[in-house]
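Here the structure is a predicted model, which means the values were calculated and not measured. For the numbers below, each heavy atom of this structure counts, side chains included, while hydrogens, waters and symmetry mates do not. As the structure lists them, so they are numbered: ligands from 1, and atoms in each ligand from 1.
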Amino acid sequence: MDKVTIPMISMRGVGKSYGSHQVLHDFSLDVMPGEVVSLIGPSGSGKTTALRCANFLETYQQGEVRIRGALLGYEEGPAGQRQPASERSIAEVRSPLAMVFQQFNLWPHLDVIDNICLPLTVAHRVPRDKAEARAAQALERVGLSAKGKAFPHQLSGGQQQRVGIARALAVKPQAMLLDEPTSALDPELVDEVLSVILSLAADGMTMVMVTHEMGFAARVSDRVVFMEAGRVVESGPPKTLFENPETDRLRAFLKTWRQRNGLSVGTAQQELPA
Ligand SMILES: Nc1ncnc2c1ncn2[C@@H]1O[C@H](COP(=O)(O)OP(=O)(O)OP(=O)(O)O)[C@@H](O)[C@H]1O
Ligand SMILES: [Mg+2]
């Protein structure tokens, strides 16, 4: 019999509102172990919200999010009704995930080692000496072994984001969620971060990444999901989405993107990096 693989992350029919403003509608996404999925779409389409619901940094009201099969954010009662889960249960269910933020979210008053160790010692209860060993290993992985004693303001944006990635890696996640990891960076610093992400993908890390870097999405992703107004409009392998979009909405989105980036509106191939 075939081995049944449970999705690392399964979002089914997720609905999310801020007050009366519904920002996710019936949002579904399954991410299998080892898969790299990119979320693309116009500003305000709900990409960040979808990512934040995937690890319950935001609550959702309809549908369900499961991490390796376990319901995240709610507990199911005997009659199938659900109630909010305890903080402890939420932390446990989301523990296979780590997040990388657009604005790095490093603590400015802590050096690099402490920035990486704090979530380990506090949230994951790793003893300090082991946390430091993991921090050193994670820094090596992103090419920043020499920067452990530096403070965030002493680092370039690209280095700060690599520390953000090291901090996520140090918790030994089974999947990483990345929200526009390069969009706060000067253009010349983007590549050093993208190459770290590419190498994680090559190592088989499961990733869900929100990005405006279409060329990179095409190169790194197994699947691309195009969102608009809180819904999935199209999803599939990058070659299909970028070269043969099915919907006018995705065609229009790609056209705008190419024009903005000074690329010809012709073949999608032209935007793909070598
Ligand atoms: N904390 C919040 N309170 C109220 N509304 C919010 C909040 N966060 C997001 N929204 C709204 O939800 C919608 C989706 O926002 P979201 O940040 O998920 O979009 P996005 O696709 O990530 O956009 P961008 O590409 O600009 O980052 C937007 O209409 C936004 O104004
Ligand atoms: Mg966003």
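The closest non-hydrogen atom to atom 15 (O) of ligand 1, taken over T49, L51, L39, comes from T49.
Less than 4.0 angstrom separates atom 13 (C) of ligand 1 from at least one non-hydrogen atom of the protein. Counting protein heavy atoms under 4.0 angstrom from atom 31 (O) of ligand 1 gives zero.
Looking at R128 and E132, a side-chain N of the basic residue comes within less than 4.0 Å of a carboxylate O on the acidic one, giving a salt bridge. A salt bridge links D30 with R12; the closest basic N to acidic carboxylate O contact falls under 4.0 Å.
Side-chain atoms of Y60 come within 3.5 Å of backbone N or O of V65 as a donor-acceptor pair. Judged purely by atom type and a 3.5 angstrom limit, R94 uses its side chain to pair as donor or acceptor with the backbone of F56. Counting only distance, with no hydrogens or angles, the side chain of S156 and the backbone of Q159 share a donor-acceptor pair below 3.5 Å.
For a threshold of 3.5 Å applied to N or O pairs, the pair formed by G41 and ligand 1 contains no separation below that value.
The shortest distance between side-chain heavy atoms of M99 and N55 falls below 4.5 Å. Counting heavy atoms from C-beta outward, V93 and L71 have side chains that stay 4.5 Å or more apart.
The shortest separation from a heavy atom of G44 to ligand 1 is under 4.0 Å, placing the residue in contact. Ligand 1 has H21 within reach: a non-hydrogen atom of the residue lies less than 4.0 Å from it. In this structure, E58 falls outside the shell of residues with a heavy atom less than 4.0 angstrom from ligand 1.
The Mg ion (ligand 2) lies under 2.8 Å from an N, O or S atom belonging to T48.
Under the side chain to side chain contact (heavy atoms under 4.5 Å, CB included) rule, M205 has a single partner from P33, P173, S199, which is P173.
Here V23 has side-chain heavy atoms under 4.0 Å from ligand 1, and that is the only part of it that gets that close. The part of P42 lying near ligand 1 is the backbone, judged by heavy-atom distances below 4.0 Å. Neither the backbone nor the side chain of M227 comes within contact range of ligand 1; no heavy atom lies under 4.0 Å.
Geometric assessment of R167 against the ring of W107 yields a positive cation-pi assignment under the 6.0 Å and 45° thresholds.
Distance from atom 4 (C) of ligand 1 to its nearest protein heavy atom, with residue and atom name: Y18 CG, 3.4 Å. With hydrogens left out, the protein atom closest to atom 21 (O) of ligand 1 is K47 NZ, 2.8 Å, a heavy atom. Atom 17 (O) of ligand 1 has T48 CB, 3.7 Å as its closest protein atom, hydrogens excluded (heavy atom only). S43 OG, 2.5 Å is the protein heavy atom nearest to atom 26 (O) of ligand 1.
Atom numbering of ligand 1 starts at 1 in the shown order; those under 4.0 Å from a heavy atom of E180 are 25 (O), 27 (O).
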Salt bridge (charged side-chain N to carboxylate O under 4.0 Å, His left out) between E76 and R66, intermediate numbers included: CA-CA 12 Å; E76 282 163 324; R66 288 184 185 270; 3.4 Å; yes

